[in-house]
Amino acid sequence: MASLFRDRTLGYSRRDSTTAAAAAAVSTMSLGSGATSSSRFSTSSSALTPLPSPFPDLTPSISTTDLRETAYEIFVASCRTSTGKALTYIPSNSSDRSPSPSPSASNSNSSSPSMQRSLTSTAASKMKKALGLRSSSSSGIKRTEGSPGSGGKPKKPVTIGELMRIQMKVSENFDSRIRRALLRITAGQVGRRIESTVLPLELLQQFKAADFTDQREYDAWQKRNLKVLEAGLLLHPHMPLDKSNTAAQRLRQIIQAALDRPIETGRNNESMQVLRTAVMALANRSSDGSVFDSCHWADGLPLNLRLYEILLEACFDINDEASIIEEVDELMDLIKKTWGILGLNQMLHNICFSWVLFNRYVATGQVDNDLLDAADSQLAEVAKDAKTTKDPAYAKILNSTLTAMLGWAEKRLLAYHDTFDAGNIESMPTIVSIGVSAARILVEDISNEYRRRRKGEVDVARSRIDTYIRSSLRTAFAQLMEKADSSRRASRHQPNPLPVLAILAKDVGEQASKEKEIFSPILKRWHPFAAGVAVATLHVCYGNELKQFVSGITELTPDAVQVLRAADKLEKDLVQIAVEDSVDSDDGGKAIIREMPPFEAEGAIANMVKDWIKMRIDRLKEWVDRNLQQEVWNPQANEGGFAPSAVEVLRIIDETLDAFFLLPIPMHPALLPDLMSGLDRCLQYYVSKAKSGCGSRNTYVPTMPALTRCTTATKLWKKKDKTLNTKRNPQVATINGDNSSGVLQLCERINTFHRIRTELEVLEKRIITLLRNSESAHVEDFSNGLGKKFEISPAACIEGIQQLSEALGYRIVFHDLSPVLWDGLYIGEPSSSRIEPFLQELEKNLTIISNTVNDRVRTRIIADIMKASFDGFLVVLLAGGPSRIFMQQDSQIIEDDFKSLKDVFWANGDGLPVDIINKYSTTVRDVLPLFRTDAESLIERFRRSTLETYGSSAKSRLPLPPTSGQWNPTEPNTLLRVLCYRNDDAASKFLKKTYNLPKKL
């Protein structure tokens, strides 16, 4: 697109032509009249590169030279006067002027006063000032027809008429011949207006072959006039011609014959009479049959406009083609005198002059912005005219002219990034203005569709600018893509080359900044949100490319992250520009922002990172399953007393955290909670899996036997009957067959959970350090601990330690030491089956455990074993089955044994603290006094407690209280059990009478 506008050299000006060169060119004109005009001026014309004329084509047989000569004839004829006195004046500074011969001065009696007025530089052109045009580098006051300094006597001052001859590049001989002819015509038609004369016909009447240098020149002159008659009367008449018009048919035959064989002119012969008859019949036609006071031979469209265009072009300095002469005011007054012959008015003049100014700007290389500004100013007058008339002929000319101007402007504005640069940016506002003005006139004043709609619904200027912005930026974006692709290929051998879309994002950001700084301020005159439209267009273009890129991403790669980060930065920059540009809009820029669907680059990165996290977590979970199945839980074989699998899990977690913070993403703080949650769940899963199958407190507590009563007859026991008739928990057998839940194995599991819990605190501190070193972290990311701590796995470790510690205690007491507790303690005579064997075995287990478990969890485990021992002691006393009976005097033995049990855990002050021992022994201490109480008192306390519990419904019959397992000296079930195991007749009779309890199971 750049070549469309930059096909000329910036800064080039044709003003370097010197006055001497101009004079030499004019002098050449007078060297011989035999040379044709086309050959005399072809060199000068070839320098211009104008646009095709917007006016319809004329017959191909009429050349530009023919039209120029005809236009000059019309100009001279229109400016003639019936007075014979020339109006010539000589300014006081005439010595500064180059003398100019005026061979036509002898014919001044046929020239108007304005034609004969000499040129002056005393006053600047009002028209040029109004149009903002600069002064010509070679004013008309310095023009000569001879070479400066060539000597000779002083010449007369150059007149306006002489200036026009020079400007239109007409030879002196040609000019002299016209003036002679006009003098004869005037003499023969005194009192008639020039508009009532068909000038080509009269010229043919006045001259014969002898008036020309040679036959060739005469033939060319005759053919030109006949072609002009053909064009004005037959091809482009003022009024449409009927095909059956006999005058038209006759004139066509005459012209065709004359073109093949020239007719004799210069006299009143038959051939001229026939020609005159046909011509005048056509020139004097009217629609209503009335007689015209003027002839219509050059006022048909588009012939009149083409002739007038040539006259207007004479306003440009032949020495400086981009500059209008200083005498344009006077010259324009004379040119307007041709309106009568050409059938023009001010509106048609405005549209023609706008085109001529605009076309001259284009033709001279688009370097003189004054011409462009003048064309824009003149176009404003056209806009006013367009609203005052609905003439279809005018509308047709207006449409073709504005379409040509708009087409040229839009060719540049639809790709204005290629068109404009630092060297020509100053022309952009005027080109935009011309384009918008032309489009507005075409739409508002010519378009029927627009008239059918409410004008308030169409903002032509804003719509056009919107189109220019979007079109140009789409083109610019395509070029940026090619540039980015080239940059990528050029850097493919370099280390870590940037991906194409990352390069493109940077280039698009720079393009947006350039748009905001250079182009948007210009376009904002017509579109209040030009910058917003621009960045929205770039956003959509880049978004389409990004969408395709993201759809092809299958994993988190450095290239993908680079592209998405670059896209995220670009989007923030574009949105910022749009918001700033729309700050004064009614909707606060919402409409523009709606045109910018989010890239969701951060979301894409986040999704890929989440996929990465999920992959890592799933892999870790699989590892946990596989390795826990192989774990032996042997503290003697494992260094440190904890499982190697836990060490490996912690190492994997540490590596995962390192890998996460090495990801080149801008959102570590935002995605860290997802990673932490996954790792947290994995550790919880590890703990849950590691403790599964190890049982709990309830796993080892045996099922309590049914209640029985005792009698004195059962006091004596035989050795063979000393077996404990109780139901063991069925889970115990299963667990006992699994070495993984042995005492040492349970100790290692507890150690492992404690190690994990300790290492989690270290990991949390390390995470904070990694987060601080992350470039994406902010102060607020450290304001709370959410997402940076392990939430469920520490609790799972604590819960696991608690569960396994209780399980260990109850396993030792109710399973491992069952032979000396369940099967030995107080079987038969309490005095002969006391607690010492149990204590011995218990101390052995306590020693092993103390040497195995971590110091930080040892106290808890010992305390749980103590609690299990106290519970076991009470279960023996209150639910030991019919093989155990107690007398009131046995209470001292029981109390002494319990004291010995507590001493084991106190260990002369080296064991558990006294307060912990007292805390867990409270229940036993409260229950033991019941064994010192007589049966009658126990029965009474039982009655009272039952009535308090069940109310008046228990008065008729005491209900059997359920077993709660929560022993309490005031609880009915606890009191009842003491009675059941009391070797006392009163107790036995009460149980028999009240509940009919059996003596044995």
Side-chain angles (χ1 to χ4, degrees), residues 35-42 44-46 48 50-78 168-171 174 177-178 181 197-204 207 212 216-241 248 251-263 265 275 278-279 282-283 295-314 335 338 341-344 348 352 355-356 359 397 400-401 404:
T36 62
S37 299
S38 59
S39 63
R40 286 197 297 266
F41 306 115
S42 59
S44 177
S45 300
S46 63
L48 300 180
L51 295 172
S53 176
F55 312 127
D57 290 336
L58 303 177
T59 175
S61 60
I62 298 183
S63 66
T64 302
T65 302
D66 292 340
L67 288 174
R68 186 177 71 250
E69 292 177 348
T70 301
Y72 184 72
E73 290 170 347
I74 293 173
F75 172 79
V76 175
S78 300
M168 293 194 70
K169 305 173 185 177
V170 173
S171 69
F174 185 90
R177 184 166 54 239
I178 294 173
T197 302
V198 179
L199 188 58
L201 178 64
E202 298 301 332
L203 292 176
L204 288 170
F207 295 109
F212 294 86
R216 182 180 177 186
E217 183 182 7
Y218 169 72
D219 291 344
W221 171 83
Q222 183 182 126
K223 287 182 179 180
R224 173 175 66 81
N225 283 283
L226 291 173
K227 289 176 184 177
V228 170
L229 289 174
E230 180 186 31
L233 297 173
L234 298 178
L235 300 177
H236 308 287
H238 173 69
M239 292 172 51
L241 269 177
L251 179 59
R252 189 173 290 110
Q253 292 172 357
I254 294 171
I255 292 174
Q256 290 298 326
L259 291 177
D260 294 334
R261 182 177 181 181
I263 62 175
T265 62
L275 177 62
V279 168
L282 294 172
C295 296
H296 298 277
W297 64 272
D299 54 354
L301 296 172
L303 175 62
N304 56 350
L305 296 177
R306 289 292 289 119
L307 292 169
Y308 194 65
E309 180 183 7
I310 292 172
L311 291 173
L312 290 177
E313 286 176 348
I335 291 174
T338 65
I341 295 176
L342 297 176
L344 302 179
L348 289 172
C352 283
W355 168 255
V356 168
N359 196 24
I397 294 300
S400 62
T401 304

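Note: hydrogens, waters and symmetry copies are ignored here, and every other heavy atom, side chains too, is used. Note that the structure is predicted; figures quoted are calculated from it, not measured.
Using cut-offs of 30° and 60° for the angle between ring planes, the Tyr72 and Phe174 rings count as tilted. Between Phe207 and Phe212, the ring planes are perpendicular. Angles over 60° get that label, and only those under 30° would be called parallel.
Between Glu202 and Thr197, the closest heavy-atom pair is CG-CG2, 3.1 Å. Taking each heavy atom of Pro302 and Phe55 in turn, the nearest pair found is CB-CB, 3.9 Å. Looking at every heavy atom in both residues, Cys352 comes nearest to Tyr308 through CB-CD2, 4.0 Å. In this structure, Met168 and Ala71 approach most closely via the heavy-atom pair CE-CB, 4.1 Å. For Asn304 against Leu342, the heavy-atom pair with the smallest separation is ND2-O, 3.0 Å. When all heavy atoms of Leu307 and Leu67 are compared, the pair lying nearest together is CD2-O, 3.5 Å.
Using a 4.5 Å heavy-atom cutoff, the side chains of Leu344 and Leu305 are in contact. At least one side-chain heavy atom of Leu275 sits under 4.5 Å from a side-chain heavy atom of Leu251. Between Leu282 and Trp297 there is no side-chain heavy-atom pair separated by less than 4.5 Å. Between Asp66 and Val228, every side-chain heavy-atom pair lies at or beyond the 4.5 Å cut-off. Leu229 has its side chain within reach of Leu204: a pair of non-hydrogen atoms, C-beta onward, lies under 4.5 Å apart. Considering only heavy atoms from C-beta on, Glu73 comes within 4.5 Å of Arg224 through its side chain.
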Could you walk me through whether Arg306 and His236 pass the side chain to side chain contact (heavy atoms under 4.5 Å, CB included) test, one step at a time? CA-CA 12 Å; Arg306 289 292 289 119; His236 308 287; over 6 Å; no
Step by step, would you call Asn225 with Leu201 a side chain to side chain contact (heavy atoms under 4.5 Å, CB included)? CA-CA 8 Å; Asn225 283 283; Leu201 178 64; over 6 Å; no
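Applying the salt bridge (Lys or Arg N to Asp or Glu O under 4.0 Å) criterion to Glu313, with sequence neighbours excluded, gives no partner residue.
Ile62 contributes atom CD1, which lies 7.0 Å from atom CG of Leu235 (distance to the nearest 0.5 angstrom).
A salt bridge links Glu217 and Arg177; the closest N-O separation between the charged side-chain nitrogens and carboxylate oxygens is under 4.0 Å.
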